[in-house]
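What follows is one structure encoded as structure tokens, with my remarks underneath.
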Amino acid sequence: MPRRFTIPGLCLLLSIGLSMGGCPDGFRIDFDFDDDDDDDGFVLNLAGLAAAIGLVQVQDPRTVVLPAPIVNQGDTIIINNNVTVIVNAQQDIIVEEVPDRLIVGFENLTEFDVYLKYLADGELQGIFIFSGETLLLEYPCLDEIELLSEDDIDPFTGEFVQGFDLFSVYERTLDFDCGEAFIITIDELDVFAQTQSIELLIRP
């Protein structure tokens, strides 16, 4: 059954900041703002980001051994060299650079691992997102993101399950802006292409 992208449900804030014991394959973002102050007194909006994304994918897609069906169709991981994979928001996001950056989050709420292709300002990207996790990529501020295709892979067998062409285009100022986190959620139930933007800098 075809799926589309939809706004994610917010995580329970009570789960934020708990020990990592409940998340063996990732982590939930902590709330310690002490080291995030810059000269203007801004801090990272880690609460808003954490509430939107849940479990962060800590494995860089560029180190993933892709399933045979993806390799056999000629696809690979493509991420621009100027992109940072965020695995620890508090450590990896530099407050002073936030106004000129865009964090794009791909949240996978399906039971499948997903290989996703899209254009970032016209440049082809190919990423792999594990089931139940959110991949965070920090780009220099983009003008347009265009989703192209999605391939679903059984996480246990590595077999191809289904594939979709995607037709969603997101534009700066209309859908996101510099200094924000722009979250796209893969959800197997909803049919409307919607997203969520989070301002990354706030005053404590």
Selection residues 55-143 - residue pairs positive for disulfide bond (SG atoms under 2.5 Å apart), sequence neighbours left out = Cys141-Cys178
Apply side-chain contact (heavy atoms from CB on, under 4.5 Å) to the pair Ile198 and Asn45, showing each step before the final yes or no.
-> CA-CA 8 Å; Ile198 301 113; Asn45 182 17; 3.5 Å; yes
Any idea which heavy atoms bring Pro67 and Gly158 closest together, and the distance?
-> CB-O, 3.7 Å
Are the side chains of Val98 and Leu44 in touch, meaning some heavy atoms are under 4.5 Å apart?
-> yes
Within-4.5 Å side-chain heavy-atom neighbours: Val114 and Ile153 = no
Can you tell me if Asp121 uses its side chain to pair, donor with acceptor, with the backbone of Asp143 under 3.5 Å?
-> yes
In sequence, state the C-alpha distance, the side-chain angles, and the governing distance for Phe106 and Leu137, and then conclude on side-chain contact (heavy atoms from CB on, under 4.5 Å).
-> CA-CA 8 Å; Phe106 297 94; Leu137 300 176; 4.2 Å; yes
Look at the side chain of Ser131 and the backbone N and O of Asp113, then say whether any donor-acceptor pair between them is shorter than 3.5 Å.
-> no
How would you list, by chain and number, every residue that makes a ring-ring contact (aromatic ring centres under 6.0 Å, His included) with Phe130, sequence neighbours excluded?
-> Phe128
Is it the case that more than 12 heavy atoms not belonging to Glu199 sit under 6.0 Å from its CD atom?
-> no
Can you tell me if Glu144 uses its side chain to pair, donor with acceptor, with the backbone of Gly122 under 3.5 Å?
-> no
Measuring from Phe112:CZ to Glu150:CD, what's the distance to the nearest 0.5 Å?
-> 9.5 Å
In terms of hydrophobic clusters joined by side-chain contacts under 4.5 Å, are Val83 and Leu119 together?
-> no
To the nearest 0.5 Å, tell me how far Gln57 CD sits from Glu107 CD.
-> 12.0 Å
Quick check: does any side chain N or O of Asp154 sit under 3.5 Å from a backbone N or O of Glu159, one acting as donor and the other as acceptor?
-> no
For residues Gln125 and Asn80, determine if any side-chain heavy atom of one lies less than 4.5 Å from a side-chain heavy atom of the other.
-> yes
Take Leu201 and Val43 through the side-chain contact (heavy atoms from CB on, under 4.5 Å) test and state the conclusion after the steps.
-> CA-CA 6 Å; Leu201 293 184; Val43 297; over 6 Å; no
Backbone N or O of Asp175 within a donor-acceptor pair of the Ser197 side chain at under 3.5 Å?
-> yes
Check the pair Glu133 / Asn108 against side-chain contact (heavy atoms from CB on, under 4.5 Å), numbers first and verdict last.
-> CA-CA 6 Å; Glu133 300 186 9; Asn108 181 1; 6.0 Å; no
Is there a donor-acceptor contact under 3.5 Å linking the side chains of Gln73 and Asp75?
-> yes
Cluster question for you: counting only ILVMFWY and a side-chain heavy-atom cut-off of under 4.5 Å, with indirect links fine, are Val64 and Val71 together?
-> yes
Do Tyr139 and Leu148 belong together in a cluster built from hydrophobic side chains that touch within less than 4.5 Å?
-> no
Residue pair Leu102 / Phe176, side-chain heavy-atom distance below 4.5 Å | yes
Is there a donor-acceptor pair under 3.5 Å between the side chain of Asp177 and the backbone N or O of Thr173?
-> no
Compare every heavy atom of Ile77 with every heavy atom of Pro61, then report the nearest pair and how far apart it is.
-> O-CG1, 3.4 Å
Can you see which heavy atom on Gly41 is nearest to which on Pro204, and at what distance?
-> O-CD, 3.0 Å
With no hydrogens and no angle check, is any side-chain donor or acceptor of Asp60 less than 3.5 Å from a backbone partner on Arg62?
-> yes
Residue pair Glu123 / Tyr118, side-chain donor-acceptor N/O under 3.5 Å = no
Judged by atom type as modelled, is there a donor-acceptor pair below 3.5 Å linking the side chain of Thr84 to the main-chain atoms of Ile86?
-> no
Flag the pair Tyr170 / Phe182 as yes when their ring centroid distance falls below 6.0 Å, and as no otherwise.
-> yes
Minimum heavy-atom distance between Leu142 and Arg172, given as atom pair plus value = O-CD, 3.4 Å
Less than 4.5 Å apart, any side-chain heavy atom of Ile186 and any of Leu109?
-> no
Interatomic distance, Leu116 atom CG to Leu166 atom CG [nearest 0.5 angstrom] = 6.5 Å
pair Ile79-Ile127: side-chain heavy atoms closer than 4.5 Å | yes
If you group Ile, Leu, Val, Met, Phe, Trp and Tyr by side-chain heavy-atom gaps below 4.5 Å, do Ile78 and Val104 land in one group?
-> no
Kindly indicate whether the side chain of Val85, heavy atoms from C-beta on, has any atom under 4.5 Å from the side chain of Leu135.
-> yes
Interatomic distance, Asp92 atom CG to Gln90 atom CD [nearest 0.5 angstrom] | 10.5 Å
Return yes if some donor-acceptor pair links the side-chain N/O of Thr185 with the main-chain N/O of Asp187 below 3.5 Å, else return no.
-> no
How would you list, by chain and number, every residue that makes a salt bridge (Lys or Arg N to Asp or Glu O under 4.0 Å) with Glu138, sequence neighbours excluded?
-> Arg101
Backbone N/O of Ile53 and side chain of Thr134: donor-acceptor pair under 3.5 Å = yes
Rounding to 0.5 Å, atoms CD1 (Ile129) and CG (Leu136) come to a distance of 10.5 Å
